[in-house]
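If you scroll down you'll find the structure; I have some questions about it.
No experiment lies behind these values; they were computed from the predicted model shown. A note on names: the letters A, B, ... follow the listed sequences, proteins ahead of strands, and every chain is numbered from 1.
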Amino acid sequence: MPELPEVETVVRGLRRALLGATIDGVDIRHPGILRSAPAANFLAVEGSRVRNVDRAGRFILVDLARGAATLHLMLHLGMTGQLLVVEEAAPWAKHTHAVFQLRDGRQLRFIDPRRFGRLDIVTEGSLPERLRRLGIPRGQEPLTVAPDDFVALFRKRKGPLKNLLLNQALLRGLGNIYADESLFRAGLDPRAHHVSAPRLRRLRTAVRHVLRSAIRAGGSSISDYVASDGTRGWFQLRHQVYGRTGLPCRRCRTPVRRIVLAGRSAHFCPSCQSR
DNA sequence: ATGCTACCCTGGCAGC
DNA sequence: TGCTGCCAGGGTAGCA
């Protein structure tokens, strides 16, 4: 499940592989993955060069230049999406929905069995305008948000803390795994309401630590996730609570509990995490 | 504005 | 063995 660390790993791989490469065309094999722009709009990538690869939350942004014109490609991996840079002769994976042909004979392939992933493209407009048209949430980046801003984001909000962490309009990039892992590290119950400022500061530190550790590990590979060169991450081996329902807490041996919040499983240690 | 639920979609797995 | 039914969840539409 690609969350911020997985997307960051993919972005770093794409940057290494694609910067300066020329795109000769794109084949949208399954238009259902398009978010808003019709398939015809993607014809514009022909002859463009990759100028930058970046990330906003879980959204991957590829800046393309063609002459004086710029194009902005958005890719979202959804639940099971993969972006692979391969030689064009590489074996064909099932559920390959889009293929970008590179002039040097390689291909960027978008593969997504569950088809929750999305592609979009815009051609112009100011940065905020582009981000809006690409559907990028307005939330803060968890790795750069200042302590006071982090506290301000959550202080006057209602609802369980876990739900707030999943709200991409507040903080973008956290998903179910890293929300649970961050709450465990901060010692906070996912059901906690109206959390105090000192506890929120602790949560910010925990989020940063968990995300950075996961990025160093190349992300968590649970089912489909792989980096753009096909390698798997190993942070799943370090999960403290996610996916460990009924197993002993690694800190205190109390069985890990699973409840449902925001329509998702929330995993936590009832002894180590307090409200 | 905000917070909630239903929906999309397929592979993997438990249970019979 | 083979079938059925359920579960996983990111983002968004639609609702109160």
Note to self: For a quick check of understanding: with a heavy-atom distance under 4.0 Å over all strands, which category does A/Thr80 fall into, base, sugar-phosphate or nothing?
What the structure shows: nothing
To the nearest angstrom, the CD-P distance between A/Glu3 and C/dA8 comes to 15 Å
Would you mind reading off the distance between A/Asn167 atom CG and C/dG10 atom P, rounded to a whole angstrom?
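Checked: the CG to P distance equals 13 Å.
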Rounded to the nearest 0.5 Å, the CG atom of A/Asn52 sits from the CG atom of A/Leu61 at a distance of 9.0 Å
Here the distance between atom C1' of C/dA13 and atom CZ of A/Arg35, to the nearest Å, is 13 Å
(message) Quick check on B/dT10: is either OP1 or OP2 less than 4.0 Å from any side-chain nitrogen or oxygen of A/Arg115?
(response)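 A/Arg115 to B/dT10 OP1/OP2: side-chain N or O found under 4.0 Å.
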- Query: Can you check whether A/Arg114 has a side-chain N or O nearer than 4.0 Å to OP1 or OP2 of B/dC8?
  - Reply: no
Check your understanding: Taking only side-chain nitrogens and oxygens of A/Gln168, does any of them come within less than 4.0 Å of OP1 or OP2 of C/dG11?
Key ->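 Yes, such a contact exists.
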Distance-only donor-acceptor test (3.5 Å): side chain A/Arg58, base C/dG11: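 Flag unset: no donor-acceptor pair detected.
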Legend entry - N or O in side chain of A/Lys156 less than 4.0 angstrom from B/dT2 OP1/OP2: no
Interatomic distance, A/Asp112 CG vs C/dG11 C1' [rounded to whole Å]: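 Checked: the CG to C1' distance equals 13 Å.
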For a quick check of understanding: with a heavy-atom distance under 4.0 Å over all strands, which category does A/Arg258 fall into, base, sugar-phosphate or nothing?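 Sugar-phosphate only.
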*Let me know the distance between NE2 of A/His30 and P of B/dT10, rounded to the nearest Å.*
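The answer, rounded to whole Å, is 7 Å.
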Practice item. Name the orientation class of the two ring planes belonging to A/His97 and A/Phe110 (parallel below 30°, tilted from 30 to 60°, perpendicular beyond 60°). Key: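 Ring orientation, 0 to 90° scale: tilted.
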Query - CZ/A/Arg138: more than 12 non-hydrogen atoms of other groups inside 6.0 Å - result: no
Report yes or no: do A/Arg109 and A/Thr96 form a side-chain donor-acceptor pair below 3.5 Å?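 No, no side-chain donor-acceptor contact under 3.5 Å.
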Answer for the Watson-Crick or wobble partner of C/dT1, both distances under 3.5 Å, is none
Any side-chain N or O of A/Arg172 less than 4.0 Å from the OP1 or OP2 oxygen of C/dG10?
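For C/dG10, OP1/OP2 do not have a side-chain N/O of A/Arg172 under 4.0 Å.
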Quiz item: Phosphate oxygens OP1/OP2 of B/dG11: is one of them under 4.0 Å from a side-chain N or O of A/His95?
Solution: yes
A/Asp120 atom CG is separated from C/dT12 atom C1', nearest whole Å, by 14 Å
When rounded to whole Å, the CZ to P distance for the pair A/Arg118 and C/dA13 reads 11 Å
Choosing from C/dA8, B/dG11, C/dT12, which nucleotide comes nearest the side chain of A/Phe59?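 Ranking C/dA8, B/dG11, C/dT12 by closest atom to the A/Phe59 side chain puts C/dT12 first.
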A/Ile259 CD1 to C/dA8 P, in whole Å, measures 13 Å
Quiz item: With distance as the sole criterion, is a donor-acceptor pair present between the side chains of A/Thr123 and A/Arg66 under 3.5 Å?
Solution: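 No, no side-chain donor-acceptor pair sits under 3.5 Å.
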Which of these nucleotides, C/dA8, C/dT12, B/dT2, is closest to any side-chain atom of A/Ser265?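 Taking heavy atoms from C-beta onward, the closest nucleotide is C/dA8.
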Taking for A/Lys158 and for A/Arg264 the nucleotide of DNA chain B with the nearest heavy atom, the one nearer the 5' end belongs to A/Lys158
